[in-house]
Colleague: 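Sharing a structure below in structure tokens format, with a few things to ask.
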Amino acid sequence: MYSEVGAYESSIPHNRYVMESAYAQENAQLRAIRGLAVAYEKTDQLDLAIDLYEALIEKLPDRPLYYYRLGELMNDVGRYNEAIARVKEGKQRDTECGAHAHCVMGSAYEKLGQYDRAKREFKKALNCNDGNFNDYAAKQIDRQEQLKKIEDLKEQKEKY
């Protein structure tokens, strides 16, 4: 209930209680872990949220969206190579095209300065034709082209 009204800080002790309770059913504990992860995300406690998504994946390894969200959080804290690895694991479990996965990996590659790889991932996302990610992927393809041009100009300037 707290999370539904945006009171994430208030939801933390309640989710912790259910998560740690020996009496709570497994489904209730899983919902509490997920709720706590979201609460930590919303309150900028990203390392704790990452740990909880890792716990969720351990208990529910066939949920690719958990891997993708974990990848997003890892990108947010600068763990780009780990993000790519975890998203690839999730992609192996995804029966859909996985535009979300390609966008997360593209973002990580961009942060690593690998603009061509990033562009390829965003093109893959665009090819999935997922309405939730099409606009974002298209904008990111243009962005990668611009970043690559900037990098090339810097290299040329250093030569002279």
Side-chain angles (χ1 to χ4, degrees), residues 3-6 8 11 15 26-27 29-159:
S3 297
E4 293 297 320
V5 296
Y8 297 105
S11 74
N15 281 315
E26 185 176 8
N27 284 343
Q29 287 180 329
L30 291 171
R31 281 192 307 276
I33 293 170
R34 172 81 168 96
L36 192 55
V38 170
Y40 284 145
E41 274 182 67
K42 299 294 185 180
T43 58
D44 291 324
Q45 299 176 67
L46 300 184
D47 289 328
L48 294 171
I50 287 169
D51 291 342
L52 289 170
Y53 275 104
E54 292 281 12
L56 277 171
I57 288 169
E58 189 176 308
K59 292 178 182 289
L60 301 166
D62 292 332
R63 302 267 176 98
L65 292 179
Y66 290 160
Y67 292 86
Y68 305 160
R69 187 65 198 132
L70 176 61
E72 289 175 340
L73 293 171
M74 287 178 161
N75 277 344
D76 289 346
V77 297
R79 294 165 56 181
Y80 310 118
N81 289 317
E82 290 176 79
I84 292 166
R86 293 306 265 157
V87 171
K88 283 182 179 180
E89 286 179 54
K91 184 76 178 94
Q92 291 174 349
R93 291 163 168 79
D94 199 343
T95 59
E96 305 288 318
C97 183
H100 189 178
H102 294 299
C103 286
V104 175
M105 286 192 294
S107 180
Y109 285 129
E110 176 188 317
K111 298 296 184 186
L112 292 168
Q114 299 176 19
Y115 306 119
D116 291 333
R117 289 182 89 173
K119 183 178 172 181
R120 276 194 302 269
E121 289 299 328
F122 290 119
K123 281 185 176 181
K124 289 177 188 177
L126 195 58
N127 289 337
C128 290
N129 201 25
D130 183 331
N132 295 318
F133 294 95
N134 283 347
D135 288 342
Y136 175 76
K139 288 176 184 173
Q140 290 302 312
I141 290 167
D142 292 339
R143 176 181 164 82
Q144 301 316 306
E145 291 170 356
Q146 292 300 316
L147 290 171
K148 181 68 174 151
K149 285 179 187 176
I150 292 168
E151 182 181 274
D152 291 345
L153 289 172
K154 284 181 183 177
E155 286 178 15
Q156 286 178 356
K157 185 177 178 181
E158 288 175 8
K159 287 181 182 179

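Positions are given from 1 along the sequence. Below, all heavy atoms of this structure are taken into account, side chains as well, without hydrogens, waters or symmetry copies.
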Colleague: Can you see which heavy atom on Asp130 is nearest to which on Ala99, and at what distance?
Modeller: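 What the structure gives for the nearest pair is CB-CB, 3.7 Å.
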Colleague: Side chains of Cys128 and His102: closer than 4.5 Å at any heavy-atom pair?
Modeller: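 The answer is yes; the side chains approach within 4.5 Å.
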Colleague: Within the structure provided, determine whether Tyr109 and Glu121 are in side-chain contact (heavy-atom separation under 4.5 Å).
Modeller: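 Touching, per the 4.5 Å side-chain cut-off.
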Colleague: Output all residues satisfying salt bridge (Lys or Arg N to Asp or Glu O under 4.0 Å) with Glu96, sequence neighbours left out; order by chain, then residue number.
Modeller: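 For Glu96, no residue satisfies salt bridge (Lys or Arg N to Asp or Glu O under 4.0 Å) once neighbours in sequence are set aside.
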Colleague: Nearest 0.5 Å, what's the CG-CG distance between Asn127 and Asn134?
Modeller: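 So the CG of Asn127 and the CG of Asn134 are separated by 9.5 Å.
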Colleague: Is there a donor-acceptor contact under 3.5 Å from the side chain of Thr43 to the main chain of Ala39?
Modeller: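 Yes, the answer is positive, given that a donor and an acceptor are paired below the 3.5 Å cut-off.
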Colleague: Is the closest basic N to carboxylate O distance between Glu110 and Arg143 below 4.0 Å?
Modeller: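 Yes, charged N to carboxylate O under 4.0 Å.
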Colleague: Flag the pair Tyr53 / Val38 as yes when at least one side-chain heavy-atom distance between them is below 4.5 Å, and no otherwise.
Modeller: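 Touching, per the 4.5 Å side-chain cut-off.
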Colleague: To check you understand the geometry: which heavy-atom pair defines the closest contact between Ser107 and Tyr136, and what is its length?
Modeller: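 So the minimum-distance heavy-atom pair works out to CB-OH, 4.4 Å.
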Colleague: Salt-bridged, Glu89 to Arg86, with N to O below 4.0 Å?
Modeller: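 Judged by the 4.0 Å cut-off on N to carboxylate O distance, Glu89 and Arg86 do form a salt bridge.
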Colleague: Side chains of Arg79 and Ile50: does their closest heavy-atom pair fall under 4.5 Å?
Modeller: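 Arg79 reaches Ile50 side chain to side chain.
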Colleague: For Glu155, is the CD atom crowded, meaning more than 12 foreign heavy atoms sit under 6.0 Å from it?
Modeller: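 Buried by this count: over 12 neighbours within 6.0 Å.
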Colleague: A side-chain contact here means heavy atoms from C-beta on lying under 4.5 Å apart; do Leu46 and Tyr40 qualify?
Modeller: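 Sidechains of Tyr40 and Leu46: no contact.
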Colleague: So, the side chain of Asn75 versus the backbone of Ala83: is there a donor-acceptor pair under 3.5 Å, distance only?
Modeller: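 Not at all, since once roles are kept as given, no pair shorter than 3.5 Å links the two residues.
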Colleague: Does any non-hydrogen side-chain atom of Leu112 lie less than 4.5 Å from one of Ile84?
Modeller: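 They are in contact (side-chain heavy atoms under 4.5 Å apart), so the answer is yes.
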Colleague: Show me the side-chain donor-acceptor pairs of residues 63-71 shorter than 3.5 Å, one per line, residues at least two apart or across chains.
Modeller:
unit_1, atom_1, unit_2, atom_2, d
Tyr67, OH, Pro61, O, 3.0
Tyr67, OH, Arg93, NE, 3.2
Tyr68, OH, Asp94, OD2, 2.7
Arg69, NE, Glu41, OE1, 2.8
Arg69, NH1, Glu72, OE1, 2.1
Arg69, NH2, Glu41, OE1, 2.4

Colleague: Quick one: does Lys91's side chain have a donor or acceptor within less than 3.5 Å of a partner on Cys97's backbone?
Modeller: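 Yes, because the side chain of Lys91 sits within donor-acceptor range (under 3.5 Å) of the backbone of Cys97.
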Colleague: Can you see which heavy atom on Leu30 is nearest to which on Lys59, and at what distance?
Modeller: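 Closest approach of Leu30 to Lys59, heavy atoms only: CD2-CD, 3.5 Å.
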Colleague: What closest approach, in Å, do Cys103 and Ala125 show between heavy atoms, and which atom pair accounts for it?
Modeller: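 In this case the closest contact between Cys103 and Ala125 is SG-CB, 3.7 Å.
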Colleague: Check this for me, if you would: do Lys148 and Asp152 make a salt bridge, where the nitrogen-to-carboxylate-oxygen distance has to be below 4.0 angstrom?
Modeller: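 Answer for the salt bridge query: yes.
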